[in-house]
Amino acid sequence: MGSNEAGNQARAVPAPTGIVVGLDGSEQGNCALVWAAREAQRRGRPLHLVTAYTVPIFAASGLDGGYATVDDDVIRQGAEAVLQQAAAKVADYNIEMDARVENGDPAGVLRDMSETAELLVFGSRGKGGFLGRLLGSVSSALPAHSKCPTVTVPWSCGERLGEPSGPASARRNTQEKVEVRNVVSVGVDGSDRARLAVLKAAEQAQLAGRTLRVICAVPPYTGSLAWVPTPLDRESLFKDIQEQLAAGKRWLQSHFPGLPIETELIEGPPVEVLIESTQSSELLVLGTRGRGGFAGMLLGSTTDGVLHHAKGPVMVVQDKAGDPRLADRADFGPVFQG
């Protein structure tokens, strides 16, 4: 065995199995760190602090041409300092914790860790920090490609997490503050993908001792949509959706007896309705890859829109077939057929 191979084995660490939080040393990342530590303590799961980097290469501008690289040791020391500060920040939580510096593209590193992790957590709207692009672009890419649920924690909710160093615009007018209720909200559109998100949201609400709020947003109809073949009977449409929401509630209560469940049918653009819900919810849960449903494209592109403007943490649940609890949904009432 060569010395390099032996060294690599010596540095090998077990794949993360708990909650992974991506950090880059920015204030935005601190919100994600605090949220992840609280969740790890609530679940009794280990917390893995992760930062990743690639060594930048710069084209030389002199007549001799060529390329210049930054010293890898210097970058790694900076990354280790980021993790040391993060570990100190959450040292008082009663959790098992480890920290690791990875060499590679941050999005790719976290995507690989999602194969074994229980949950990926990261901040949004990163503007620099140690890694530069760990937040922001990564928070846009990972929810769609992760193999486990992800939670994006926006900087604007720092105050509710005890991190009041967020942007001034988030604190400017205290009269605009909305009280955060003890609820976990979930967006639905009648599809199986939405039902997977509902199951995850119910698990989260039960774990935290919160009420589950099921939200269905139906876009307003102005009569100007050329592709609508016949005039829509809005009253009939809303009645059908209400019946399906009631059936879904009965189904959920069969799997989560004792869990308080609210349902809301709201007429309005799904993205706007769900963004507004993030202000008053402890957590909003959404699915991915939606293909319609009775509300029309609630998931998928809507999830992307909510993530970019959310005022509170948003969990995205990946499309994983095979949950046996979906099999008996039709036993409790009408199911959307589309």
Side-chain angles (χ1 to χ4, degrees), residues 8-26 28-53 76 79-124 126 129-131 134-135 138-139 142-143 145-153 157-158 160-163 184 199-210 282-283 285 313-318 320:
N8 288 337
Q9 287 196 359
R11 291 192 299 270
V13 293
T17 57
I19 296 177
V20 173
V21 56
L23 301 168
D24 69 352
S26 66
Q28 293 91 326
N30 284 337
C31 292
L33 171 64
V34 171
W35 192 95
R38 291 183 182 181
E39 188 66 15
Q41 181 169 275
R42 179 157 49 198
R43 297 189 184 196
R45 302 293 292 149
L47 177 64
H48 308 282
L49 312 180
V50 177
T51 192
Y53 71 92
R76 191 170 191 87
E80 290 171 350
V82 165
L83 295 183
Q84 289 172 1
Q85 293 171 4
K89 187 175 185 64
V90 295
D92 291 338
Y93 286 85
N94 183 26
I95 54 177
E96 177 186 342
M97 183 169 53
D98 63 45
R100 55 188 78 187
V101 176
E102 299 289 339
N103 192 328
D105 176 74
V109 167
L110 293 176
R111 158 60 178 77
D112 290 345
M113 289 186 174
S114 73
E115 296 277 1
T116 58
E118 185 173 311
L119 187 68
L120 285 185
V121 183
F122 34 82
S124 63
F130 183 73
L131 297 181
L134 175 57
L135 306 181
V138 171
S139 63
L142 277 175
H145 300 287
S146 173
K147 298 301 181 181
C148 72
T150 65
V151 173
T152 305
V153 184
C157 73
R160 70 165 79 173
L161 294 169
E163 290 292 315
V184 172
L199 289 170
K200 181 60 68 174
E203 292 171 358
Q204 191 73 19
Q206 188 172 68
L207 176 67
R210 303 297 188 241
E282 288 193 1
L283 179 70
V285 182
V314 178
M315 176 183 287
V316 176
V317 179
Q318 284 62 37
K320 290 185 177 180

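One is the number of the first residue; the rest follow in order along the sequence. Model, not experiment: these values are computed from the prediction.
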inquiry  = What verdict does the side-chain contact (heavy atoms from CB on, under 4.5 Å) test give for V34 and K89, after you've listed the backbone C-alpha separation in whole Å, the side-chain angles of each residue and the deciding distance to 0.1 Å?
reply    = CA-CA 8 Å; V34 171; K89 187 175 185 64; 4.0 Å; yes
Closest non-hydrogen contact found for T17 with P46 is OG1-CG, 4.4 Å
Between A86 and L23, the two heavy atoms sitting closest are CB-CD1, 3.5 Å
Nearest heavy-atom contact between A201 and V184 is O-CG1, 3.8 Å
Here the gap from C157 atom SG to E282 atom CD, rounded to the nearest 0.5 Å, amounts to 11.5 Å
Exactly one of I95, I19, L47 clears side-chain contact (heavy atoms from CB on, under 4.5 Å) with Q41, and that residue is I95
**Request:** List the steps and the verdict of side-chain contact (heavy atoms from CB on, under 4.5 Å) for V21 and W35.
**Result:** CA-CA 9 Å; V21 56; W35 192 95; over 6 Å; no
Between the OG1 atom in T51 and the CG atom in L83, the distance rounded to the nearest 0.5 Å is 5.5 Å
Worksheet item: Side-chain contact, heavy-atom cut-off 4.5 Å: V317 with V285?
Response: yes
When every non-hydrogen atom of V109 is compared with those of A52, the smallest separation belongs to CG2-CB, 3.9 Å
Please set out all donor-acceptor pairs under 3.5 angstrom arising from side-chain atoms of residues 110-121, sequence neighbours excluded.
residue: R111; atom: NE; partner: H145; partner atom: O; Å: 3.1
residue: R111; atom: NH1; partner: E115; partner atom: OE2; Å: 3.0
residue: S114; atom: OG; partner: R111; partner atom: O; Å: 2.6
residue: S114; atom: OG; partner: K147; partner atom: N; Å: 2.9
residue: T116; atom: OG1; partner: P16; partner atom: O; Å: 2.6
residue: E118; atom: OE1; partner: R45; partner atom: NE; Å: 2.7
residue: E118; atom: OE2; partner: R43; partner atom: NH1; Å: 2.8

Here the gap from Q85 atom CD to L33 atom CG, rounded to the nearest 0.5 Å, amounts to 11.0 Å
query = If we ignore angles and hydrogens, is there a donor and acceptor under 3.5 Å between the side chains of E39 and Q204?
reply = yes
Between the SG atom in C148 and the CD atom in Q318, the distance rounded to the nearest 0.5 Å is 6.5 Å
Side chain proximity check, L161 to V153, heavy atoms < 4.5 angstrom:
yes
Between V101 and Y53, the two heavy atoms sitting closest are CG1-CE2, 3.6 Å
**Message:** Under the criterion side-chain contact (heavy atoms from CB on, under 4.5 Å), I'd like the reasoning laid out for M97 against V90: C-alpha separation, chi angles, the key distance, then a yes or no.
**Reply:** CA-CA 9 Å; M97 183 169 53; V90 295; 3.6 Å; yes
* Do R210 side-chain atoms and A208 backbone N/O form a donor-acceptor pair below 3.5 Å? -> yes
In terms of heavy-atom contacts, P143 and F122 come closest through CD-CZ, 4.1 Å
